[in-house]
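Okay, structure first, notes after.
When reading the values below, keep in mind they use all heavy atoms of this one structure, side chains included, and skip hydrogens, waters and symmetry mates. Fair warning: this is a prediction, and the values are worked out from it, not measured in the lab.
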Amino acid sequence: MKLTLIRHGDTRATLLRLYYGSTDLALLPQSAQALAANAARYPKAPRYFTSGMVRTEQTFQAIYGPLPHKILPGLREMDFGRFEMHSYEELKDDPDYRHWCEDSEHLPCPGGEDAQAVLARSLQAVEDLLEAGIDTCGVIHGGVIALLMMHWFGGIRYDYSLAPGQGFTVTFSGKTPVRYEKIP
């Protein structure tokens, strides 16, 4: 089975380098156009999904058009709480932010989530996909993709950094991930 995980396209917050997870932002029109122009480069599958957030729905539409797909809210991006819609420059002197940066894989954002909670809900969300064993493509979020990849293949978050519109196709043997390739 192959599971393709694609990061949504650019939003205004992407360009401004803001932390945004729970904020439901739209794609930039030029990003949607670029994704649509390159749609033929993306894998196809019998099943599709998104996290249901506007940016993932619009990316899916740009790449795959009006195909039916499942919405898996468990694959939503991390809620950055008080850090939501702020940049590093805005936060760098905040003691809570500096503390969170010391171990952002385990510490929660004030008023938000921690990475381990995001990973737990993400693994739960993909469980049914893996159980079905049918090739599936989805549009979700860079942080969620990185957490899943770290869980499956080791390494650190930055080993799996993706530009908007990029992703990974993970090949599974049963429910065991065996290899991956970057796409497109």
Is the backbone N or O of I6 less than 3.5 Å from a side-chain atom of H8, with the two atoms forming a donor-acceptor pair by type?
-> no
Look at the side chain of N38 and the backbone N and O of R41, then say whether any donor-acceptor pair between them is shorter than 3.5 Å.
-> no
Any non-hydrogen side-chain atom of [X] less than 4.5 Å from a side-chain atom of [Y]?
| X | Y | value |
| --- | --- | --- |
| Y48 | V139 | no |
| M150 | D159 | no |
| R7 | Q166 | no |
| M149 | F168 | yes |
| T169 | Y180 | no |
| F49 | L5 | yes |
| T4 | T136 | no |
| L67 | H69 | no |

Distance (rounded to the nearest 0.5 Å) between [X] [atom1] and [Y] [atom2]:
| X | Y | atom1 | atom2 | result |
| --- | --- | --- | --- | --- |
| M85 | L18 | CE | CG | 5.0 Å |
| E84 | C109 | CD | SG | 8.5 Å |
| T50 | R76 | OG1 | CZ | 10.0 Å |
| Y97 | K92 | OH | NZ | 10.5 Å |

Would you call E89-R17 a salt bridge at under 4.0 Å N-O?
-> no
Identify whether the distance between the nearest side-chain nitrogen and carboxylate oxygen of K44 and D135 falls below 4.0 Å.
-> no
Quick one: closest heavy-atom pair of [X] and [Y], and the distance?
| X | Y | answer |
| --- | --- | --- |
| S51 | L75 | CB-O, 3.6 Å |
| P110 | F83 | CD-CZ, 3.3 Å |
| V178 | S173 | CG1-CB, 4.0 Å |
| A39 | A62 | CB-O, 4.1 Å |
| S31 | D10 | OG-N, 2.9 Å |
| D94 | R82 | OD2-NH1, 2.7 Å |

Quick one: are the ring centres of Y19 and H86 less than 6.0 Å apart?
-> no
Under 6.0 Å between ring centres, would you say that holds for Y160 and W152?
-> no
Please identify each residue that fulfils salt bridge (Lys or Arg N to Asp or Glu O under 4.0 Å) with R98, with sequence neighbours left out.
-> none
Kindly indicate, with the supporting measurements, whether the criterion side-chain hydrogen bond (donor to acceptor under 3.5 Å, both in side chains) is fulfilled by D96 and H99.
-> CA-CA 5 Å; D96 290 336; H99 177 69; over 6 Å; no
Would a hydrophobic clustering, with Ile, Leu, Val, Met, Phe, Trp and Tyr connected at side-chain separations under 4.5 Å, put V118 with M53?
-> no
Are L123 and L72 joined in one hydrophobic group, where the rule is that I, L, V, M, F, W and Y side chains link up if heavy atoms are under 4.5 Å apart?
-> yes
Regarding T14 and Y20, is there a side-chain donor-to-acceptor distance under 3.5 Å anywhere?
-> yes
Flag yes if more than 12 heavy atoms outside E90 fall under 6.0 Å of its CD atom; otherwise flag no.
-> yes
Would you say E105 has more than 12 foreign heavy atoms packed within less than 6.0 Å of its CD?
-> yes
